[in-house]
Amino acid sequence: MRFEIVGKDFVIDGTPTKIVSGAVHYFRNLPDTWDDIFAKLVALGCNCVETYCVWNIHEKKPGEYDFSGILDVRAFLEKAQAYGLYAIVRPGPYICAEWEFGGLPWWLQNIPNMEIRCCNKAYMERFSAYLTQLFRQVRPMLCTGGGNVIMMQVENEYGYYGDDKEYLKKLVQFYREQGIDVPLFTSDGTKSTQILDGSVEGCFSTLNFGSRVEENFKAHDQLYPDGPKMCMEMWNGWFDAWGDEKHHTTSAEDYAKTVDDMLSRGSLNMYMFIGGTNFGFTSGANHTKTFTPDVTSYDYDALLTEAGDVTEKYYAVRKVIQKHFKKALPPVPGDRPKKAYGKVSASACADLFENIDRLAAPIETEVPMNAEYYGVGYGYTLYETTLNRDYADAPLSFQEIGDRAHVFVDRKRIATLYVNEPPYNTSVTAKAGSILSVLVENMGRTNYGPKMMRKKGLVGRVLLDNKIHFGWKAYPLPMDNLVQLQFQPGCEADCLPFYRFAFDISQPCDTFLKLEGFGKGFAVLNSFNLGRFWKIGPQRTLFVPRSVLKEGKNILIVFETEGKVADPTVEFVNKPELG
């Protein structure tokens, strides 16, 4: 297949073709759902699927690459091709996507003199090594070699971030040297300054927006009057952050009108077709005036729900696509079954303090260091120190925290501090020999803007009684292996509990975990991290894909940072509550 740009047109094997695409992130949707998603994408009338690629889970540790299971991007592209879909791939290396650190690996922050998204030598060496491995997966799927990948993006929305044009040029050069011989593009905001800073020779320019097609193309029309017109991210919803008043939604009618207008001008990629889920600790954050961490669900009010259900917005857009292309579409597949398994009470409890030596080995330092220093990229870090004299209402202050800290004296909570609520201080009353403990939660690295490199854990000096306090040990807690926990029938009042739930089912189906009465933490089902929860909402349930469940016995572990729960009972329901 030959895909090329001729004037303002995309041309496939000599025929001008409009690209009607939907965004599907393979890494947010488990592989057993891909068939259902692609069938619904085809039934919508789309001829293409678009996906980002995520560096930080393909290369969790430097030089160790994973392209298996949910990370098998080649299998994802092959399956899309089997459904007759073209594909657009956006490798980054930076992707934003409301994903942890914008898709960049946390360990970049440990490399001396690192500066991301520019011609920094260390950064270029690392992303070049990663892209070399990624392109081995993608290159066989290029349309020039019989695959379905028709174009690929260089960087992502760079016009919002920086102005290192040499960096963009070197990226283009690297793609070509790696045998990427399909058209390359950039995607940016709609202002002329964003387009100018984010575009580069050798790539055609696309825009990202969610409404007002004519208005948003004004600057692009002036800068590129003779090129193709494509909205690479036609936003059909928005993401949610913890503490938002409600789940973001947009009008199906308004979005269908925007699709109609865009198809009259050119091509589009609907962002998102299905949002999926930020499983584990993968949700990112924004940080402008305040730190705003994203929720676990990436439902996005997309055309398909987080669990793959067809929406009113889907049918509204389907009518528009039928109008433009005047062709019969296959019937819309039914939604995957959902099931409410009911309530389950905790059968046992494990206290973090009692199990800390089973979960991590302590690292001693004179003063607390940031989490990255200890080699922990995600999860939590527990800092402890022994006090060498009595203290009476002595001030305790932290220079910076990333992002939420619980302070204990002899395992009794005395304060909870949050990055958005400075100054970070409390007071301590304790005897000589008392243990001062600080559990710090990483709630997701910033995925957008100039504060991406902010460290996690305790950053800077800790002052006790207005003096630097020395002599600390830290326990890195990525929470990726909980098998060593030793459970007991119950927990003490002052604790950081892991609750264990055991239940049997006969038929695994998609379901939703409701944690009424719990405060903040995360949930792991059959060793699969479903993601974070927080009582402040708006999200009230966690999506549980059917493939995570087992016929017979299932084990759920819930970690709770706010202390002992009065009634540790969870419920599996058949409908989501996103706020």
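Annotation: Lys451, atom NZ; neighbour count of heavy atoms from other residues, nucleotides and ligands within 6.0 Å is above 12. When the shell of 6.0 Å around CD of Glu4 is examined, it contains more than 12 heavy atoms from other residues, nucleotides or ligands. Counting heavy-atom neighbours within 6.0 Å of Lys191 NZ, excluding the residue itself, gives a total of 12 or less. Counting non-hydrogen atoms of other residues, nucleotides and ligands closer than 6.0 Å to CD of Glu253 gives a total of 12 or fewer. The number of heavy-atom neighbours closer than 6.0 Å to CG of Asp13, taken from other residues, nucleotides and ligands shown, is above 12.
Of all non-hydrogen atoms in Thr311 and Leu303, the two that sit nearest each other are OG1-O, 2.7 Å.
Between Trp34 and Tyr26, the ring-plane angle classifies as perpendicular under the 30° and 60° cut-offs. The aromatic rings of His287 and Phe291 sit perpendicular to each other, their planes meeting at more than 60°, with 30° as the lower class boundary. Ring-plane geometry between Phe543 and Phe512 is classed as tilted, the angle between the planes lying from 30 to 60 degrees on a 0 to 90 degree scale. Using bins of under 30°, 30° to 60° and over 60° for the plane-to-plane angle, the ring pair Phe185/Phe204 lands in the tilted bin.
In this structure a side-chain-to-backbone donor-acceptor pair under 3.5 Å is present from Asp188 to Tyr158. Judged by distance alone, with hydrogens and angles left aside, the side-chain atoms of Tyr378 form no donor-acceptor pair with the main-chain N or O of Phe281 at under 3.5 Å. The backbone N or O of Lys455 sits nowhere less than 3.5 Å from a side-chain atom of Asn370 that would complete a donor-acceptor pair. A donor-acceptor pair under 3.5 Å is formed between the side chain of Asp335 and the backbone N or O of Val310. Between the side chain of Thr17 and the backbone N or O of Thr15, at least one donor-acceptor pair lies under 3.5 Å. Under a 3.5 Å cut-off, the side chain of Asp510 and the backbone N or O of Arg546 do form a donor-acceptor pair. Judged purely by atom type and a 3.5 angstrom limit, Lys338 uses its side chain to pair as donor or acceptor with the backbone of Arg336. Proximity of a side-chain donor or acceptor of Thr541 to a complementary backbone N or O of Glu577 within less than 3.5 Å is detected. Between the Asn47 side chain and the Lys18 main chain, a donor and an acceptor come within less than 3.5 Å of each other. Side-chain atoms of Asp244 come within 3.5 Å of backbone N or O of Ala241 as a donor-acceptor pair.
Between Leu104 and Met452 there is a side-chain heavy-atom pair separated by less than 4.5 Å. Side-chain contact check for Met230 versus Asn269: some heavy-atom pair is nearer than 4.5 Å. Counting heavy atoms from C-beta on, the side chains of Leu530 and Thr296 never come closer than 4.5 Å. Here the side chains of Met262 and Phe217 are in contact, with some heavy-atom distance below 4.5 Å. For the pair Asn208/Tyr271, no side-chain contact is recorded, criterion being any heavy-atom separation below 4.5 Å from C-beta on. You'll find the side chain of Ile150 stays beyond 4.5 Å of the side chain of Pro183, heavy atoms only. A 4.5 Å side-chain heavy-atom check between His248 and Asp301 finds every atom pair outside the cut-off. Here the side chains of Ile274 and Lys40 are not in contact, with every heavy-atom distance at 4.5 Å or above.
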Tell me, with the steps shown, if Trp99 and Phe27 meet ring-ring contact (aromatic ring centres under 6.0 Å, His included).
CA-CA 11 Å; Trp99 188 262; Phe27 47 89; 4.9 Å; yes
Verify ring-ring contact (aromatic ring centres under 6.0 Å, His included) between Phe273 and Phe38, making sure each step is shown before the conclusion.
CA-CA 10 Å; Phe273 175 64; Phe38 289 144; 9.1 Å; no
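The side-chain hydrogen bond (donor to acceptor under 3.5 Å, both in side chains) check on Tyr167 picks up Glu155, with sequence neighbours excluded. In this structure Ser211 satisfies the side chain to side chain contact (heavy atoms under 4.5 Å, CB included) test together with Thr258, sequence neighbours excluded. Under the rule for a side-chain hydrogen bond (donor to acceptor under 3.5 Å, both in side chains), Asn286 has no partner lying at least two apart in sequence or in another chain. Listed by chain and number, the residues in a side chain to side chain contact (heavy atoms under 4.5 Å, CB included) with Asp163 are Asp197 (sequence neighbours excluded).
If you check the side chains of Asn442 and Trp106, you find no donor sitting under 3.5 Å from an acceptor. No side-chain donor-acceptor contact under 3.5 Å links Ser297 and Gln539.
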Taking distance alone, no hydrogens or angles, what donor-acceptor pairs closer than 3.5 Å link side-chain atoms of residues 129-140 to residues at least two apart or in another chain?
unit_1	atom_1	unit_2	atom_2	d
Thr132	OG1	Ser128	O	2.7
Arg139	NH1	Gln178	O	2.7

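For the pairing with Lys313, the side chain to side chain donor-acceptor pair (under 3.5 Å) check across Thr250, Asp254, Thr249, Asn236 returns one residue only, Thr250.
A side-chain hydrogen bond (donor to acceptor under 3.5 Å, both in side chains) check over residues 65-87, counting only residues at least two apart or in different chains, returns the pairs Asp35-Lys79, Asp35-Tyr83, Glu59-Tyr65, Asp66-Ser68, Arg74-Glu78.
The residues Asp164 and Lys170 are annotated as not salt-bridged, no charged nitrogen and carboxylate oxygen being separated by less than 4.0 angstrom. With salt bridges taken as basic N to acidic carboxylate O contacts below 4.0 Å, none links Arg28 and Glu98. Between Asp261 and Arg265, none of the side-chain N atoms (NZ, or NE/NH1/NH2) sits under 4.0 Å from a carboxylate O, so this pair counts as no salt bridge.
To the nearest 0.5 Å, atoms NE2 (His247) and CG (Asp299) are separated by 4.0 Å. Annotation: the span from Cys46 atom SG to Ile321 atom CD1 amounts to 4.5 Å, rounded to 0.5 Å. Atoms CZ and OH, from Arg117 and Tyr123 in turn, are 7.0 Å apart once rounded to the nearest 0.5 Å.
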